[in-house]
2 protein chains.
Amino acid sequence: MKDITSRIVELTKHGHCTPQISQLAKKLKEPSTTIHYNIKKLEKEGAIKSYKAVFDYKKINEGFCVYVLISLAPDEYGNPEKIAQDIAKHPQIESVDICTGDWELILKVRTANQDEYYEFTKNVISRKGIIKIKSLTSLKQVKTEFVEM
Amino acid sequence: MKDITSRIVELTKHGHCTPQISQLAKKLKEPSTTIHYNIKKLEKEGAIKSYKAVFDYKKINEGFCVYVLISLAPDEYGNPEKIAQDIAKHPQIESVDICTGDWELILKVRTANQDEYYEFTKNVISRKGIIKIKSLTSLKQVKTEFVEM
DNA sequence: TCATAAATTGAATATTATTCAATTATTTAT
DNA sequence: ATAAATAATTGAATAATATTCAATTTATGA
């Protein structure tokens, strides 16, 4: 056994997918060359960033999901993007947004379980510049990435 | 002009994409039939829910993004899924999670602008059972759906 | 250890994407 | 308003890719 599935998951999580031109053509009742042309246009414009798979994350051992609200130290206000991009690099991070309001950053983190999440917080979230954290653990995800579960 | 692109966006936002088996085969240095077999297995198990496009949402007229933290009335605690699923149906909703902590629900909402978001809150979020709301508006999304922007 | 099921693979086929050239529609400049 | 230039649509031909199938190997479990 080579555990090919986990490597497929890792690659299709970010990309390695493609639109189904002929299916779209049928659905929209247009020639497939027209669909093809318009998709390439969207890609060139940068409107489409990637094609990817959406998972039942419990089934790929990423069942533990936490939203992390972060408050930054005042001296970091000038450049929140630096911290945001550093955090975004980690594979457990689904999303990072720089926000208005009571919190400057909001993260969505996926790990296998609470233990792994705890390790993650120690290594990634505990760092200079972050002065306050509130975590909201997801008990059930009803919809994710525009896909209803 | 038929505005085919916006219909393509609408369909590829949820699905109408497919994994690139031959690309995955090259990357993983395995025969494409092996990749095919393993992908079909993941699909049958329900581990893969869908294949979809990820967008630069500003460029598809969904540049206004808000995280909405919701507190439910005590009489709704017994069945938060009902409300969650009702909310999830709306196309502006990217995600809905039922959470622990100070807030019972967390939504991610995407609209064209603040006005549209305001209409959305009036129609969807102002409803019986929801007693407290906090909104966090995203100023910049650094990573979304595991894709760095 | 034998029997059964699961996973891997190559060769053949079916399906789908892509290229290209021609046509039509739209925009821009005069 | 008209001509010229650009952008979008499309069908036919080709290239690339997915899928099926049967054979083989590997793993599982009584």
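Atoms considered below: every heavy atom in the structure, side chains included; atoms not considered: hydrogens, waters and symmetry mates. Labels below follow one simple rule: chain letters A, B, ... track the order of the sequence lines, proteins then strands, and each chain is numbered from 1.
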*Name the closest nucleotide to the T34(A) side chain, picking from dG11(D), dT9(C), dT9(D).*
dT9(D)
*Is any side-chain nitrogen or oxygen of N38(A) closer than 4.0 Å to OP1 or OP2 of dT9(D)?*
yes
*Does the salt bridge (charged side-chain N to carboxylate O under 4.0 Å, His left out) test come out yes or no for E145(A) and K49(B), once each step is laid out?*
CA-CA 11 Å; E145(A) 297 160 82; K49(B) 302 293 284 185; over 6 Å; no
*Take the protein atom CD1 of I8(A) and the nucleotide atom P of dT8(C), then report the distance between them rounded to whole Å.*
9 Å
*asked:* Does dT9(D) have OP1 or OP2 under 4.0 Å away from a side-chain N or O of Y37(A)?
replied: no
*Check the distance between dT16(C)'s P and L24(A)'s CG and give it to me in whole angstrom.*
12 Å
_Just N and O in the side chain of S22(A): are any of them under 4.0 Å from OP1 or OP2 of dA17(C)?_
yes
*More 5' along DNA chain D: T18(A) or T33(A), using each one's nearest nucleotide?*
T33(A)
*What integer distance in Å separates I39(A):CD1 from dT19(C):P?*
13 Å
*Length of the line joining I21(B):CD1 and dT17(D):C1', which is rounded to integer Å*: 8 Å
*Under 4.0 Å between any heavy atoms, over every strand shown, what does Q23(A) touch: base, sugar-phosphate, or nothing? Just pick one.*
nothing
*Calculate the interatomic distance between Q20(A) atom CD and dA17(C) atom P; express it in whole Å.*
7 Å
*Going by the angle between their ring planes, with limits at 30° and 60°, are F146(A) and Y57(B) parallel, tilted or perpendicular?*
tilted
*Treat each ILVMFWY residue as a node, draw an edge where side-chain heavy atoms are under 4.5 Å apart, and state whether V142(B) and L72(A) are in one component.*
yes
_Rounded interatomic separation in angstrom, taking CD from E30(A) and P from dT24(C)_ = 17 Å
*Report the relative orientation of the aromatic rings in Y117(B) and F64(B); use parallel for angles under 30°, tilted for 30 to 60°, perpendicular for over 60°.*
tilted
*Among E62(B), Q141(B), E116(B), find the residue that satisfies the side chain to side chain donor-acceptor pair (under 3.5 Å) test when tested with R110(B).*
Q141(B)
*asked:* Please report the distance, rounded to the nearest Å, between CG in D3(B) and C1' in dT26(C).
replied: 15 Å
*What is the distance from CG of L42(A) to P of dA7(D), rounded to the nearest Å?*
16 Å
*Hey, is the side chain of H36(A) poking within less than 4.0 Å of OP1 or OP2 on dT18(C), counting only N and O atoms?*
yes
*Has K41(A) got a side-chain N or O lying under 4.0 Å from the OP1 or OP2 atom of dA8(D)?*
yes
